[in-house]
Amino acid sequence: MALIDEIADELALQSLKIINATGDDAFVQRVADTIGGSSQTMEEAYLTAVRVRRAEQRARQLLDQLTEELARTLPAPNK
């Protein structure tokens with residue numbers, strides 16, 4: 001992973017922690033605007049990292065839900 005991608009991913013993870021705690025979705029754009037003032041490339045990498053991490057969160061939530069549902073529907077193992 002390139003340095004820019006590593007930094008963007010770290011910023012995305014930190015941002016998502018704040019967003020999950022506060023519910024402030026506008027936070028992403030404020031950070032992106034700040035980054036974009038210095039580097040459009042970094043801004044794009046950050047926004048991409050945020051989208052990827054949000055998609056990962058949604059996928060993990062779905063997989064956890066499906067796993068729980070499956071566990072409830074399967075018969076208990078015989079001993």
Regarding Gln40 and Glu44, do their side chains bring together a donor and an acceptor under 3.5 Å, going by distance alone? yes
Hydrophobic clustering (ILVMFWY, side-chain heavy atoms < 4.5 Å, transitive) - are Leu3 and Leu47 grouped together? yes
Compare all side-chain heavy atoms of Val31 with those of Val50 and state whether any distance is below 4.5 angstrom. no
On a heavy-atom basis, which atom in Ile35 and which in Met42 lie closest, and how many Å separate them? CG2-CG, 3.1 Å
Using 0.5 Å steps for rounding, measure from the OG1 atom of Thr48 to the CZ atom of Arg53. 13.0 Å
Sort and list the pairs that fulfil salt bridge (Lys or Arg N to Asp or Glu O under 4.0 Å) and have at least one residue in residues 57-76, not counting sequence neighbours. Glu56-Arg60
Give the minimum heavy-atom separation between Ser15 and Phe27, together with the two atoms involved. OG-CE2, 3.6 Å
Point-to-point distance, once rounded to the nearest 0.5 Å, from CD1 of Ile19 to CD of Gln14: 11.0 Å
Asp9 side chain vs Asp5 backbone, donor-acceptor pair below 3.5 Å: no
Would you check if the side chain of Thr73 reaches a backbone N or O of Leu70 as a donor-acceptor pair within less than 3.5 Å? yes
Between CD of Glu43 and CG of Asp33, what distance do you get to the nearest 0.5 Å? 6.5 Å
So do the side chains of Ile18 and Asp24 get within less than 4.5 Å of each other, counting heavy atoms only? no
